[in-house]
Amino acid sequence: MTHAQGLSPQLAGNMFDVERIRAEFPILAQTVNGRPLVYLDNGATSQKPRRVIEAIRRYYESDNANVHRGLHALSERATNAYEGARDTVRTFLNAADRREIVFVRGATEGLNLIAQSWARPRLQPGDEVLITTMEHHSNIVPWQLVCRQTGAQLRVAPIHDSGELDMEAFANLVSERTRVVAVAHVSNALGTINPARQIVETAHIAGAIAVLDGAQAAAHGPVDVRALGCDFYVLSSHKCYGPTGMGVLYGRAELLEAAEPYQGGGDMIRTVSFEESTWNELPYKFEAGTPNIAGAIGLGAAVEFMTELGMDAIAAHEREVLEYATERLDELDGIRIIGTAPEKAGILSFVVEGVHPHDVGTIVDQHGVAIRAGHHCAMPLMRRYRVPATSRASLALYNTRADVDALVEGLHGVKEIFDR
Ligand code: PMP
């Protein structure tokens, strides 16, 4: 990830006051199975701070109306709030223009939109789409679909055992046939932070577009789409402390202008007749129908929350907790961490010798610790490591060393049961 400068003014001299931050998340103050909740499933979805919940409540209590249509006061307030969220996201990603910020349902919809609206009309037999072994199904299947529709070929760049992308093999797979390179900014199952700038540059030299799946990146460090140079970037609101059913597609205006609409309906048109319709300007061309207004407002509040804390400070805090967690897990016998790249975000995938990950998840839940177990929507990656599944602890800005200690205690519980 690109790193901006310094801590935010709020945190300068105050360091990362994690207890104060935790108090902003009402859900964390509960017990599960008689133990204080330790939430380590942030890769799946993050919890929501009070201000996000309040922003959504306030919208429904006082401003609810449809956007872009009504001339009445409520509709004007709803439109301002919805469009204000777009400006907030534009600043967050450092996009050049608010027209480049399209609100979608999530990272999944963003990737499908790129595949269908930009790639489908352009790909031809002989063309190639290049992804990597570590992709989430959301960055595999949309490309498989469009390859089937167009006769293009899906190519896959391999990874090293550490979970780092094999950059030499990647570069060798990029050729004049490559039209699209689509790579996770951060891997959801390994935590690897990919060298996104280098990937984008390699794609561009060959004349391909570069798509970054930022679902696991955007909440964990600064993202600057112009510094990255990418053509498209997607993120999910619900992994960024915002509501579900909401996401962002960033696309360079030139590419969005040239792309076909994704869905037809209200708001995305300029004129409609039975013979022919014409399209609205960006970004509305891609926002057919009544959008997720409350979702956008909630995401806007979440982005403001993260920005105030400072993305560099969040990254530094999570890195510190990750280092501690890695050390603690390394001390345990019979545990293998999957994904040991030097550049890692706060994701710890592991297998416990002789114990199915689902059993690990169930037992640590008895200790109040929420982790995930499964293939993490990355079946080809599991195959690469010859495991059916892993257990995964994934960090957010509110996690602490004490959370890691609770996980380790839960893992001792697993070993006690299985060593009997
Ligand atoms: N890409 C990655 C790397 C992810 O981790 C996820 C969510 N697990 C997605 C894409 C899809 O995100 P969503 O389900 O929110 O659309």
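Order of listing sets the numbers, starting from 1, for every ligand and every atom in it. Residue numbers start at 1 and run along the sequence shown.
- No donor-acceptor distance shorter than 3.5 angstrom exists from the side chain of His367 to the backbone of Val369, with no hydrogens or angles considered.
- Residue contact check: Thr108 has heavy atoms under 4.0 Å from atoms 11 (C), 12 (O), 13 (P), 14 (O), 16 (O) of ligand 1.
- Annotation: atom 5 (O) of ligand 1 to nearest protein heavy atom, Gln216 NE2, 2.7 Å.
- One option in Ser236, Gly106, Ser237 has a heavy atom closer to atom 13 (P) of ligand 1 than any other, and that option is Ser236.
- When all heavy atoms are compared, the tightest approach of Ile27 to Leu37 is O-CD2, 3.7 Å.
- Relative to atom 9 (C) of ligand 1, the option among His136, Met134, Glu135 with the closest non-hydrogen atom is His136.
- The shortest N or O to N or O distance between Asp213 and ligand 1 is under 3.5 Å.
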Could you go through residues 104-111 and list every donor-acceptor pair under 3.5 Å that involves a side-chain atom there, pairing it with any protein atom two or more places apart or in another chain?
residue : atom : partner : partner atom : Å
Thr108  : OG1  : Ser138  : OG           : 3.0
Glu109  : OE1  : Arg105  : N            : 2.7

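- Remark: Glu54 engages Arg57 in a salt bridge, criterion side-chain N to carboxylate O under 4.0 Å.
- The shortest non-hydrogen separation linking Ser175 to Glu128 is OG-OE1, 4.3 Å.
- Annotation for ligand 1: atoms under 4.0 Å from non-hydrogen atoms of Asn188 are 3 (C), 5 (O).
- Which parts of ligand 1 touch Lys239 is read off a 4.0 Å heavy-atom cut-off, strictly below it: atoms 6 (C), 7 (C), 8 (N), 12 (O).
- Judged as a ring-ring contact (aromatic ring centres under 6.0 Å, His included), the pairs with a partner in residues 128-159 (not counting sequence neighbours) are, in order, His137-His375.
- Polar contact with ligand 1: absent for Glu109 (N/O pair, distance under 3.5 Å).
- One finds no salt bridge joining Arg226 and Asp224 here, because no Lys/Arg side-chain nitrogen approaches an Asp/Glu carboxylate oxygen to under 4.0 Å.
- Listed by number with element, the atoms of ligand 1 under 4.0 angstrom from any heavy atom of Ala215 are 1 (N), 2 (C), 4 (C), 6 (C), 9 (C), 10 (C).
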